[in-house]
Amino acid sequence: MPRATRPKVSVCIIARDEARVLPRCLESLRGAYDELCVLDTGSADATPRIAKEYGARLAVFTGCNDREGRMADFALARNKCLRMAKGDWILSIDADEVLLKSSVERVRWHAAHDAAAGVRINMRHRGSEWPVVRLFRRSPENVFVGRVHEWVSVAGEVSDDPAVVIRNLPDKRGKESAVARDLRLCALALEDEPGNLRMIFYMARALRRAGDYDAAIGYYERYLEIEKEFAPGRHACAHGIAVCHMLSGRWRRAVSAG
């Protein structure tokens, strides 16, 4: 009897009530993986059924939710999903995202040839692009960090491949808005770790998007008081302060802040 081939690429997805978008995501992934792992965090819709129809290894985990059933820790859920995987490499993607067709072969190439511990790919959303590690070796050392806007901490060298592209196509109908979620989870994260610069920045951004400009400025300034060396972060905060002043009609202060 032939030995089973160990999966090379495991796709890991956490999902809840994503029946409207999950098929679109899974169709975009055809040919990119050997194993599909879906962790459901408490769906009331057809998400689990759809995942099974696509051949996913499915698990249900609600320990990442708060008493009201809302997500309280994204990294906890993602790391639980990572532990389901058996592949050499992990491709992490959300149910409301799609992998561009031209990226499938690039994912396979990295899994077969790349000596790095992770790969920075290109994320796209509404005309914006940014690099992020979404493809990485399965290892106990490579784990997600952060209650919200979580990121994978990779132990080792990270390569870059902007030709691998994931598009974010959110559908928030009937769900907590991204701003409300960020305000709630950033507040929890800052209770745990008041000096967490990432969470301070994301709280400032969420407050700005919520229209609470003075509170946002306070968090941007808090970031600048702590971070003295990371130029991109300081620039983003200065820009955020300028935008808040501008939207408040304080034109001179906007100019001086920018």
Side-chain angles (χ1 to χ4, degrees), residues 3-65 71-100 103-112 114 117-119 121 123 132-155 164-170:
R3 289 178 59 186
T5 303
R6 179 175 173 175
K8 198 73 178 175
V9 178
S10 297
V11 163
C12 286
I13 300 173
I14 62 170
R16 179 175 178 176
D17 295 330
E18 299 285 10
R20 284 194 299 265
V21 296
L22 184 57
R24 179 186 67 191
C25 172
L26 298 182
E27 286 294 332
S28 79
L29 293 165
R30 287 192 182 277
Y33 64 86
D34 306 293
E35 177 187 52
L36 175 62
C37 301
V38 176
L39 184 80
D40 189 278
T41 61
S43 291
D45 69 1
T47 295
R49 175 179 60 78
I50 293 169
K52 287 183 178 179
E53 288 175 353
Y54 277 83
R57 299 182 62 219
L58 177 71
V60 177
F61 176 65
T62 58
C64 53
N65 299 334
M71 176 63 79
D73 193 328
F74 279 95
L76 180 62
R78 293 202 189 276
N79 289 330
K80 186 79 171 179
C81 191
L82 291 185
R83 290 194 287 274
M84 296 169 59
K86 305 295 184 185
D88 297 317
W89 284 78
I90 302 291
L91 175 62
S92 179
I93 190 169
D94 288 343
D96 61 357
E97 297 173 341
V98 296
L99 179 71
L100 293 198
S103 302
V104 170
E105 288 303 316
R106 295 300 304 161
V107 169
R108 286 298 194 181
W109 185 91
H110 286 288
D114 202 328
V119 182
I121 62 96
M123 287 293 303
V132 64
V133 176
R134 287 293 194 91
L135 182 63
F136 53 94
R137 291 185 182 277
R138 185 175 66 88
S139 165
E141 296 179 295
N142 297 339
V143 295
F144 282 92
V145 180
R147 281 183 181 268
V148 66
H149 295 295
E150 65 285 2
W151 68 99
V152 62
S153 175
V154 175
V164 179
V165 179
I166 291 177
R167 290 185 63 200
N168 180 226
L169 301 168

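Keep in mind that this is a model prediction, so the values were computed, not measured. If you read the sequence from its start, that first residue is 1, and numbering goes on from there.
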_Donor-acceptor pair, distance only, cut-off 3.5 Å: does the side chain of Arg24 make one with the backbone of Leu169?_
yes
*What residues form a side-chain hydrogen bond (donor to acceptor under 3.5 Å, both in side chains) with Arg20, not counting sequence neighbours?*
Asp171
*Determine, stepwise, if the pair Arg16 / Met71 fulfils side chain to side chain contact (heavy atoms under 4.5 Å, CB included).*
CA-CA 10 Å; Arg16 179 175 178 176; Met71 176 63 79; 5.8 Å; no
*Heavy-atom donor-acceptor pair, Asn65 side chain to Thr41 backbone, under 3.5 Å*: yes
_Side chain proximity check, Arg83 to Asn79, heavy atoms < 4.5 angstrom_ = yes
*Does a side-chain N-to-carboxylate-O contact under 4.0 Å join Arg106 and Asp114?*
no
_What I'd like to find out is whether the side chain of Cys25 reaches to under 4.5 Å of the side chain of Ile93, using heavy atoms alone._
yes
*Give a yes or no answer on whether the side chain of Arg137 reaches the backbone of Asn142 with a donor-acceptor pair at less than 3.5 Å.*
no
*In Å and rounded to the nearest 0.5 Å, what is the CD to CG distance from Glu53 to Leu58?*
12.0 Å
*Report the distance from atom CZ of Arg167 to atom CE of Met123, rounding to the nearest 0.5 Å.*
10.5 Å
*For the atom pair CD (Glu150) and CD1 (Ile14), what is the distance rounded to the nearest 0.5 Å?*
6.0 Å
*Test Leu135 against Trp89 for side chain to side chain contact (heavy atoms under 4.5 Å, CB included), laying out the working first.*
CA-CA 7 Å; Leu135 182 63; Trp89 284 78; 3.8 Å; yes
_For the student: nearest non-hydrogen atoms of Ser28 and Val98, plus distance_ = OG-CA, 3.5 Å
*Over all heavy atoms of both residues, which pair between Ile90 and Ala85 is shortest? Give the atoms and the distance, please.*
CD1-CB, 3.5 Å
*Look at the side chain of Asn168 and the backbone N and O of Glu97, then say whether any donor-acceptor pair between them is shorter than 3.5 Å.*
no
_Sub-4.5 Å side-chain heavy-atom contact between Ile166 and Leu100_ = no
*Could I get the full list of side-chain hydrogen bond (donor to acceptor under 3.5 Å, both in side chains) partners for Ser103, not counting sequence neighbours?*
none
*Indicate the atoms forming the closest heavy-atom contact of Tyr33 with Tyr54, along with that distance.*
OH-O, 4.2 Å
*Considering only NZ, NE, NH1 and NH2 on the basic side and carboxylate oxygens on the acidic side, decide whether Asp40 and Arg49 come within less than 4.0 Å.*
no
*Could you tell me whether the side chain of Val132 reaches within less than 4.5 Å of the side chain of Val152, counting heavy atoms only?*
no
*asked:* Val164 vs Leu99, test: side chain to side chain contact (heavy atoms under 4.5 Å, CB included). Steps then yes/no.
replied: CA-CA 8 Å; Val164 179; Leu99 179 71; 4.2 Å; yes
_Checking the side chain of Thr47 only, and the main-chain atoms of Glu18 only, is there a donor and an acceptor separated by less than 3.5 Å?_
yes
*Taking only residues two or more places apart in sequence or in another chain, which ones pass ring-ring contact (aromatic ring centres under 6.0 Å, His included) with Trp109?*
His113
_Verdict with supporting geometry, Leu91 and Leu29, side chain to side chain contact (heavy atoms under 4.5 Å, CB included)_ = CA-CA 10 Å; Leu91 175 62; Leu29 293 165; 3.9 Å; yes
*Tell me, yes or no, whether the heavy-atom count around Glu27 atom CD, taken from other residues, nucleotides or ligands under 6.0 Å, exceeds 12.*
yes
*Indicate the atoms forming the closest heavy-atom contact of Gly87 with Arg138, along with that distance.*
O-NE, 2.6 Å
_Between CZ on residue Arg134 and SG on residue Cys12, distance to nearest 0.5 Å_ = 12.0 Å
*Could you tell me which non-hydrogen atom of Val143 sits nearest to which non-hydrogen atom of Leu82, and how far apart they are?*
CA-CD1, 4.4 Å
*Closest contact, heavy atoms only, Ala56 versus Val38*: CB-CG2, 3.8 Å
